[in-house]
Enquirer: 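One structure, as structure tokens, below. Some questions next.
Predicted model only: the values in this text are computed from it and were never measured. In what follows, every heavy atom counts, from backbone to side chain, and hydrogens, waters and symmetry copies are set aside. Index from 1, following the sequence.
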Amino acid sequence: MKPDGLLMIPGPVKLHERIINAMAKQMIGHRSKDFEEVFEYCINAIKPLFGTHGDVAIISGSGTAGMEAAIASFSKVRRITCIDNGKFGERFAKIARRYTEVDHLRFEWGESIDLERVEQSLANGSEAVAFVHNETSTGILNPAEEISRIAKKYDALVIMDGITSVGGDEVRMDDWGVDVAVVGSQKCLGAPPGLAAVAVNDRAWDFYNENVPFYLDLKAYVKKAKDNQTPYTPAVPLFLALAEALRIIEEEGLENRIARHRKLANATRKWAEEAGLELFPKLNEHSRYSNTVTAIRMPEGVSDKELRGTLREEYGITISGGQEHLKGRIFRIGHMGNVNKRDLLATLAAVEEILLRKGAVKPAIHAAMEALR
């Protein structure tokens with residue numbers, strides 16, 4: 001991406017100048033009072049984003065580190081149901097197979113989850129369920145509350161990937177009955193990549209497996225968090241960046257932030273509809289379109305290189321394509337974190353201009369502008 005380019009992918013997201021400046025500060029000791037104050041603020045400020053009063057662990061690692069910590073730390077189960085309707089649901093299943101038996105509930109990527117199949121899997125003996133709340137690979141928001149309600153009928157542990165929903169959409173972990181949830185720093189929180197936060201309620205410890213990998217042992221992180229510390233050397237500059245990102249969220253207000261994400265998503269969908277483009281996810285009565293990324297089918301006669309390559313070369317704007325078997329079939333526009341109206345309108349107008357050259361869309365930017373008023 002060009003230095004003055006625009007990053008419009010579903011994470012990592014562009015950084016606010018305040019966050020960049022926070023990382024540029026002189027190093028502080030990770031066992032110092034200064035770090036403990038930063039750590040304490042991060043823990044207290046992130047809990048409302050999860051919708052929890054429970055414990056939170058912050059790991060120096062990617063969102064996948066958080067996913068594995070959640071699965072491994074609470075793998076004292078005979079079998080876990082892993083729900084897969086996209087790349088990251090599939091990843092949960094791949095991780096879980098290393099620790100216990102897995103019932104891998106596969107759906108076509110982009111299709112809605114059949115809750116009857118989820119219930120049948122739990123009725124057949126699964127003691128836990130893992131799923132992705134907001135599946136960025138396909139642009140669908142899965143029904144967290146409904147999945148949790150079914151799991152509770154069978155006293156099953158609920159593990160949720162909230163990596164691209166926490167801080168950008170409604171997440172009410174305690175109210176929904178989610179036992180363990182994960183978020184990554186580089187998504188809706190608007191911070192750089194490299195930190196994962198895992199929220200854990202008291203009930204989850206009934207499923208604790210002491211043979212968890214040493215570095216990913218959530219019990220060690222939660223124990224040290226009582227002293228506003230981490231068990232191992234943390235990525236100090238990333239904690240400074242996360243603290244600043246959380247201050248920005250606090251200043252904006254969580255409800256306002258969620259409303260902004262929804263408004264940007266709605267504008268993107270209105271634009272796509274008016275342009276004659278087709279959204280990729282197939283919804284049912286329980287699922288919704290993602291409010292942090294929009295996945296759109298590639299119009300016929302247009303290649304991924306013609307769209308995304310031209311967008312980068314001519315406009316300095318980067319959007320995402322499809323992953324694995326969806327490569328060339330969809331394109332994805334991220335509107336999470338620090339994205340604003342100007343960013344979105346510039347991106348949609350540029351995409352539209354390129355597709356108009358190919359005769360693949362109708363003029364539609366006015367629909368997005370109307371939705372953003």
Side-chain angles (χ1 to χ4, degrees), residues 7-15 46 49-51 59 61-68 70 83-92 95 109-110 113 130-145 147 159-173 176 178 180-199 242 245-246 249 254 257-266 268-269 279-281 287-296 318-323 326 330-339 343-344:
L7 194 60
M8 294 290 288
I9 64 175
V13 299
K14 73 168 191 173
L15 298 178
I46 207 167
L49 311 189
F50 280 106
I59 301 169
S62 69
T64 302
M67 293 172 74
E68 182 158 14
I83 304 172
D84 164 10
N85 66 339
K87 181 177 178 65
F88 300 103
E90 180 184 70
R91 182 169 297 178
F92 252 149
I95 293 169
W109 286 14
I113 293 167
F131 69 96
V132 176
H133 185 204
N134 187 72
E135 181 59 77
T136 50
S137 67
T138 60
I140 195 168
L141 187 74
N142 289 318
E145 187 173 8
I147 292 169
I159 300 174
M160 184 181 83
D161 171 345
I163 289 173
T164 58
S165 59
V166 172
D169 208 336
E170 182 181 44
V171 175
R172 293 189 287 119
M173 182 178 166
W176 293 346
V178 173
V180 186
V182 183
V183 70
S185 56
Q186 79 277 24
K187 306 290 186 174
C188 302
L189 302 184
L195 295 178
V198 186
L242 176 61
L246 291 170
I249 293 173
L254 182 57
R257 190 176 185 85
I258 292 170
R260 173 169 59 81
H261 280 77
R262 288 179 175 171
K263 193 168 190 176
L264 294 171
N266 181 58
T268 307
R269 294 193 292 266
L279 299 178
F280 180 67
S287 56
R288 292 195 285 118
Y289 291 119
S290 167
N291 283 318
T292 61
V293 60
T294 299
I296 301 170
T318 302
I319 61 173
S320 292
Q323 295 170 291
L326 296 182
I330 66 172
F331 64 94
R332 295 175 296 141
I333 299 173
H335 31 75
M336 63 173 66
N338 304 308
V339 171
D343 298 333
L344 184 68

Enquirer: Hey, does Ile83 have a side-chain heavy atom less than 4.5 Å from the side chain of Ile147?
Expert: yes
Enquirer: Nearest heavy-atom pair of Ala295 and Thr138: which atoms, and what distance?
Expert: CB-O, 3.3 Å
Enquirer: Where do Arg257 and His261 come nearest, in terms of heavy atoms and distance?
Expert: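 Taking every non-hydrogen atom into account, O-ND1, 2.9 Å.
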Enquirer: Check whether any side-chain N or O of Lys14 sits under 3.5 Å from a backbone N or O of Met8 as a donor-acceptor pair, and report yes or no.
Expert: no
Enquirer: Go through it in stages, so that I can follow the logic: the residues are Val339 and Val13, the test is side-chain contact (heavy atoms from CB on, under 4.5 Å), and I'd like the CA-CA distance, side-chain angles, deciding distance and then a yes or no.
Expert: CA-CA 8 Å; Val339 171; Val13 299; 5.7 Å; no
Enquirer: With the side chain counted from C-beta on, respond yes when Leu189 and Leu242 share a heavy-atom pair under 4.5 Å apart, and no when they do not.
Expert: yes
Enquirer: Do you know the tightest heavy-atom contact between Ala70 and Val198?
Expert: CB-CG1, 4.4 Å
Enquirer: I'd like to know if the side chain of Thr318 and the backbone of Leu7 have a donor-acceptor N/O pair within less than 3.5 Å.
Expert: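 Absent.
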Enquirer: Any chance you could measure Gln323, atom CD, to Ile330, atom CD1, to the nearest 0.5 Å?
Expert: 8.0 Å
Enquirer: Taking atom CD1 of Ile159 and atom CZ of Phe92, what is their separation to the nearest 0.5 Å?
Expert: 6.5 Å
Enquirer: Give a yes or no on whether a salt bridge exists between Asp84 and Arg91, defined as a side-chain N under 4.0 angstrom from a carboxylate O.
Expert: no
Enquirer: Can you measure from CG (Leu195) to CD1 (Ile46) and round to the nearest 0.5 angstrom?
Expert: 9.0 Å
Enquirer: Mind checking the CG-CD spacing from Asp161 to Glu135? Nearest 0.5 Å is all I need.
Expert: 7.5 Å
Enquirer: Does Gly190 offer a backbone N or O that forms a donor-acceptor pair with the side chain of Asn338 under 3.5 Å?
Expert: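 Looks like yes, one N/O pair under 3.5 Å.
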Enquirer: List the steps, then state whether side-chain contact (heavy atoms from CB on, under 4.5 Å) holds for Val171 with Met160.
Expert: CA-CA 10 Å; Val171 175; Met160 184 181 83; 3.9 Å; yes
Enquirer: Between Ser290 and Asn134 (side chain of the first, backbone of the second, donor and acceptor by atom type, cut-off under 3.5 Å), is there such a pair?
Expert: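 Checked: no pair found.
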Enquirer: Which atom names give the shortest non-hydrogen contact between Pro12 and Pro193, and what distance separates them?
Expert: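 Shortest heavy-atom separation between Pro12 and Pro193 comes out as CG-CG, 4.0 Å.
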Enquirer: Would the distance check show the side chain of Arg332 and the main-chain N or O of Gly139 forming a donor-acceptor pair, the cut-off being under 3.5 Å?
Expert: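 Not a single qualifying donor-acceptor pair exists.
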Enquirer: Quick check for you: to the nearest 0.5 Å, what is the distance between Met67 atom CE and Ile163 atom CD1?
Expert: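 Between atom CE of Met67 and atom CD1 of Ile163 there are 5.5 Å.
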Enquirer: Evaluate the side-chain contact (heavy atoms from CB on, under 4.5 Å) criterion for residues Glu145 and Arg172: first the C-alpha distance (whole Å), next the side-chain angles of each, then the deciding distance (0.1 Å), finally the verdict.
Expert: CA-CA 9 Å; Glu145 187 173 8; Arg172 293 189 287 119; 4.2 Å; yes
Enquirer: Begin from the C-alpha positions of Thr164 and Phe88 and carry the test side-chain contact (heavy atoms from CB on, under 4.5 Å) through to its verdict.
Expert: CA-CA 11 Å; Thr164 58; Phe88 300 103; over 6 Å; no
Enquirer: Give the minimum heavy-atom separation between Cys188 and Ser165, together with the two atoms involved.
Expert: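 Closest approach of Cys188 to Ser165: SG-N, 4.2 Å.
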Enquirer: To the closest 0.5 Å, what do you measure between CD1 (Ile9) and CZ (Phe331)?
Expert: 15.5 Å
Enquirer: For Asn142 and Asn85, test the side chains for any donor-to-acceptor distance below 3.5 angstrom and give the result as yes or no.
Expert: yes
Enquirer: Do Asp169 and Leu141 have side-chain heavy atoms sitting under 4.5 Å apart?
Expert: yes
Enquirer: So among Thr292, Asp343, Asn291, Thr294, which one has a side chain to side chain donor-acceptor pair (under 3.5 Å) with His335?
Expert: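 Of all the options given, the one that passes is Thr294.
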Enquirer: Determine the minimum heavy-atom distance between Glu170 and Trp176, stating which atoms define it.
Expert: O-CH2, 3.2 Å
